There are 2 protein chains.
Amino acid sequence: MPLWVYDRLMARAATTSDVFNAIAEPQRREILVLLRAGERPVTELAQELGMTQPGASKHLRVLREVGLVRDRKAGKQRLYGLDARGLRPVHEWAGGFERFWNESFDRLDAYVQDLKAGKAGKE
Amino acid sequence: MPLWVYDRLMARAATTSDVFNAIAEPQRREILVLLRAGERPVTELAQELGMTQPGASKHLRVLREVGLVRDRKAGKQRLYGLDARGLRPVHEWAGGFERFWNESFDRLDAYVQDLKAGKAGKE
DNA sequence: TTGACGCATGCCGTTATGGGTATATGATCG
DNA sequence: CGATCATATACCCATAACGGCATGCGTCAA
């Protein structure tokens, strides 16, 4: 749909195009958490999250389009289930920074040395 | 700044208020990756990412406001360095789904059983 | 078939976002 | 001080994002 045929202006990449963008929304993250407990129909999710049914549907659509959830028709309702495989890249990407938040750098740069020397490791 | 005192309309939480939102932007993720190699001045980052200096500055601002980078004055320039601690929650959040993408559920719901039975584990 | 239910979509309104260009601010140097 | 480099900001523009409401559509029950 968004063909990125802009002249010079562009806003943001569509949230439906990237898992990182999809999970940028707190409520969508909430949905994913809820779905860890199992499938759920839309209305139930909407209730649990305190949002309207259309609201839930829209978020679910985004999650579906990036592949984080799957839907299955179950009679009158539609059950949404988790497909967390798409979260693995996120986990790995963030994991790539692990040594940095542990502050055990194998390569200290001036910035860090500054911290240790000046502030005695504090903060 | 955003006090969320809307009447009935609201868009999305400001990107500067949430790490998940801050890293939703591909170029900002790129910046973080680059900074793993050490501090860098703005212009250098801009070059490496193929964006304008103001562009880089804006992204750095966002990253700074969510605490993912620190800046340090170095004479004429301003060196930006990584502070990856804020990425830990992201890593942990995504990690909370690990057993799901491994598909070794301790609690199979109808959805999953459906998959295994119907599609013989395929897909 | 007619309702009622469950969900998706469409439309509207407001804000956030991201990029560009021009410009203000800061610091350094001659 | 004046010129210059390094950044940050201020606008402006176009568009994506979110929420609310109304509505369309498929399904199931009476």
Side-chain angles (χ1 to χ4, degrees), chain A residues 1-18 20-31 39-66 69-81, chain B residues 1-18 20-31 39-47 49-66 69-80:
Chain A
M1 186 80 64
L3 267 182
W4 302 123
V5 191
Y6 293 177
D7 278 334
R8 322 157 24 222
L9 298 171
M10 155 166 57
R12 80 168 356 185
T15 132
T16 72
S17 63
D18 174 20
F20 282 91
N21 222 323
I23 64 171
E25 235 290 324
Q27 302 207 281
R28 283 197 287 264
R29 289 200 296 277
E30 274 301 309
I31 289 179
E39 290 183 309
R40 276 203 182 58
V42 178
T43 306
E44 197 176 312
L45 286 170
Q47 282 190 338
E48 298 182 283
L49 293 174
M51 56 173 123
T52 62
Q53 173 269 310
S57 274
K58 287 176 193 171
H59 283 309
L60 286 167
R61 180 159 140 92
V62 173
L63 293 173
R64 193 188 336 131
E65 292 189 30
V66 297
V69 300
R70 295 292 176 90
D71 63 301
R72 175 169 75 87
K73 289 184 52 174
K76 210 185 302 188
Q77 38 188 24
R78 181 170 290 268
L79 298 182
Y80 277 88
Chain B
M1 184 77 67
L3 266 183
W4 302 125
V5 190
Y6 292 179
D7 280 333
R8 323 162 16 227
L9 299 170
M10 156 170 54
R12 92 174 341 189
T15 136
T16 71
S17 63
D18 174 22
F20 282 90
N21 222 324
I23 63 171
E25 235 290 323
Q27 302 207 279
R28 283 197 287 264
R29 288 201 297 278
E30 274 301 309
I31 289 178
E39 291 182 307
R40 276 203 182 59
V42 177
T43 306
E44 197 176 312
L45 285 170
Q47 281 190 339
L49 293 173
M51 57 173 125
T52 62
Q53 172 268 311
S57 274
K58 287 178 198 168
H59 282 309
L60 286 167
R61 180 157 138 96
V62 174
L63 293 172
R64 193 188 337 134
E65 291 188 31
V66 297
V69 301
R70 296 292 177 89
D71 63 302
R72 176 169 75 87
K73 290 183 52 176
K76 209 185 302 188
Q77 38 187 25
R78 181 171 291 268
L79 297 182
Y80 278 87

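None of these values were measured; they are calculated from a predicted model. To find a chain, count down the sequence lines: A is the first, B the second, and so on, and within it residues start at 1.
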Against the side chain of A:Q27, the closest entry in D:dT7, C:dG19, D:dG19 is D:dG19
Start at the 5' end of DNA chain C and walk down; is the nucleotide closest to B:K73 or to A:G55 reached first? A:G55
Look at A:R78 and D:dG26 and indicate whether a side-chain polar atom (N or O) is within less than 4.0 Å of OP1 or OP2. no
What's the closest nucleotide to the side chain of B:Q77 if the choices are D:dG19, D:dA6, C:dG18? D:dA6
Between C:dG20, C:dG19, D:dC18, which nucleotide has the shortest distance from any of its atoms to the side chain of B:H59? C:dG19
Proximity to the side chain of A:K58 - top-ranked nucleotide from C:dG20, C:dT9, D:dT7: C:dT9
Winner on side-chain proximity to B:P54, out of C:dA22, D:dC21, C:dC7, is C:dA22
Under 3.5 Å, is there a donor-acceptor pair between the side chain of A:R28 and the main chain of A:I23? no
Regarding the side chain of A:R64, the nearest nucleotide among C:dG6, C:dT21, C:dA8 is C:dA8
Compare the minimum distances between each of C:dT9, C:dA8, C:dG20 and the side chain of A:R61, then state the nucleotide with the smallest one. C:dT9
If you compare every side-chain N and O of B:S57 against the phosphate oxygens of D:dT7 (OP1, OP2), does one of them come in below 4.0 Å? no
Taking for each residue the nucleotide of DNA chain C with the nearest heavy atom, is it A:K76 or A:Q53 whose nucleotide lies nearer the 5' end? A:K76
With a 4.0 Å limit, can you tell me whether B:Y80 has a side-chain N or O closer than that to the phosphate oxygens OP1/OP2 of D:dA6? no
When you check the phosphate oxygens OP1 and OP2 of D:dC21, does a side-chain N or O of A:T52 lie under 4.0 Å from one of them? no
